[in-house]
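Structure, as structure tokens:
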Amino acid sequence: MSGAPRGAGPGAGHGVRERHLLLRLGLPRDPSATKHLAGFLVATVSTVLLTRGLLAVSGYPQLGGGGLHVAHVLWGGLLLAVAIVLSLSYAGPVVRPVVALVGGVGFGLFVDEIGKFVTSDNDYFYEPTAALIYVVVVGLVLLVEAMHRRSPRHPSEALAGAVDHAVAGVAGGFSPRARRHARGLVADAGDMPAATEVGALLDRVSDDAEELPDVIGTVAHWIVRGTRHLVRARWVPWITVGALTLTGAATVGRGIWAWSAGADVPGWVVTGMLVSGFASVLCALRGLGLVRRDREEGYRWFRRAVLLSLLVTQIFLFRIDEWAATLGLLGDLFLLGVVAAELDVIAERRLARAAAKAAKAGPEEAARGR
């Protein structure tokens, strides 16, 4: 008689005790989380820039009267509450892009008024406000990196992602792209328990020619489409390295110029800016050396180079010249979008290959069984 515990099934080797704490608590990471969080951060930054621009053009009007002023931080709080209500009301992946957009706009309206809450005289025009907002956004980026990039996904997380897509499919059907994506996640799950049953569930979901609504995807479609065409060109890695090098050189040069012109800046700030700028260029050159034989690994190094500039060099520059740092921020965000688009293309193709391989293996195994 087998010594296996009662109820053990196929794939029992992936025991619950082998999984880390969050999985044991029932908290798998969403495979699309980085896309949604990126949309949240882009909405946040865009809202801050748009709000500041509109207020400047309109002469900073006050909404209210009789001693009352309805600050836009209140509208930000309202939108954050709406985002929470939406996320708690609907199951499945369709609502998350909406939550990311509404929450990002709300958080942008909130954090734009940070100067009022860190000064005793409620000074909206507090000079370091831009740097404080930048540090907040950078902190969120680092949190996303720690949660979703530092450790590989467990197969059960891929399977949970497929089940999550099945929730939307059961309710509204599967478009061809959604079905391919869900099947790719099942293939990534390997021999996890219930993978076969989840695959069978996906096969039973009815077809629907219309794509699932995705607010962030719709708004950014032309950007993603353009960058995906761009990154397929052979010369793009060289342009990426050149742009990273020029951006870093311009950023560091502007900081040194401001410092030499008499800006009251500690020497360690200039030293940190120089060291991080040089390290960013080295990462870009490392990626260029790898990209021909391993495109994905090369672009991961490009991504490290951009993040180093975005999260370290620009922070030092903000201490010296906020306007120059803002321009550097925009350049780094554009490069990060190009690099992220290529990595997204690579990931989708890997999922498509896994799904095709699994679909091909199914009939072959059935034929061998006969």
Side-chain angles (χ1 to χ4, degrees), residues 10-11 14-16 18-40 86-101 143-208 211-217 224 296 340-341 343-359 361-362:
H14 297 283
V16 173
E18 297 177 4
R19 306 176 191 180
H20 57 71
L21 179 61
L22 290 179
L23 288 180
R24 292 173 65 184
L25 292 174
L27 293 172
R29 291 172 294 183
D30 181 2
S32 300
T34 52
K35 180 182 74 173
H36 298 149
L37 291 168
F40 171 84
L86 289 173
S87 66
L88 296 177
S89 299
Y90 296 98
V94 179
V95 72
R96 293 191 194 112
V98 180
V99 171
L101 181 61
L143 178 62
V144 171
E145 287 291 308
M147 292 175 64
H148 296 281
R149 299 285 188 183
R150 293 179 64 89
S151 58
R153 296 189 183 278
H154 191 275
S156 63
E157 293 180 292
L159 188 61
V163 174
D164 189 47
H165 279 276
V167 170
V170 167
F174 268 156
S175 67
R177 183 185 63 81
R179 191 183 298 277
R180 285 195 304 270
H181 186 72
R183 283 175 172 169
L185 290 171
V186 173
D188 275 357
D191 62 345
M192 284 297 301
T196 302
E197 289 79 3
V198 172
L201 172 62
L202 298 179
D203 291 338
R204 295 296 301 274
V205 172
S206 60
D207 292 324
D208 184 359
E211 295 289 346
L212 296 175
D214 183 347
V215 178
I216 292 177
V224 173
E296 183 172 11
L343 289 173
D344 189 43
V345 169
I346 294 172
E348 284 194 2
R349 290 184 174 181
R350 185 170 59 247
L351 282 176
R353 287 195 300 268
K357 183 178 180 181

Sequence neighbours excluded - side-chain hydrogen bond (donor to acceptor under 3.5 Å, both in side chains) pairs with any residue from residues 192-203: R183-D203
task: Write out all pairs satisfying salt bridge (Lys or Arg N to Asp or Glu O under 4.0 Å) with one or both partners inside residues 151-160, taking only residues at least two apart or from two chains.
output: R29-E157
statement: Across all chains, not counting sequence neighbours, the side chain to side chain contact (heavy atoms under 4.5 Å, CB included) partners of A160 are P28
field: Listed partners of L86 passing side chain to side chain contact (heavy atoms under 4.5 Å, CB included), at least two apart
entry: V82, Y90, V95, V98, V99
statement: On a heavy-atom basis, the closest approach of A189 and L159 is CB-CB, 3.8 Å
message: To check you understand the geometry: which heavy-atom pair defines the closest contact between A162 and V186, and what is its length?
response: CB-CG2, 3.6 Å
Within residues 161-173 or reaching into it, pairs that qualify as salt bridge (Lys or Arg N to Asp or Glu O under 4.0 Å) - sequence neighbours excluded: R96-D164
- prompt: With distance as the sole test, does R179 use its side chain to make a donor-acceptor pair with the main-chain N or O of V205 at under 3.5 Å?
  reply: yes
- request: Tell me, please, which residues at least two apart from D188 pass side-chain hydrogen bond (donor to acceptor under 3.5 Å, both in side chains).
  value: none
statement: Taking every heavy atom of V94 against every heavy atom of A168, the minimum-distance pair comes out as CG2-CB, 4.0 Å
- line: Tightest non-hydrogen contact, residues G190 and A195, listed as O-CB, 3.8 Å
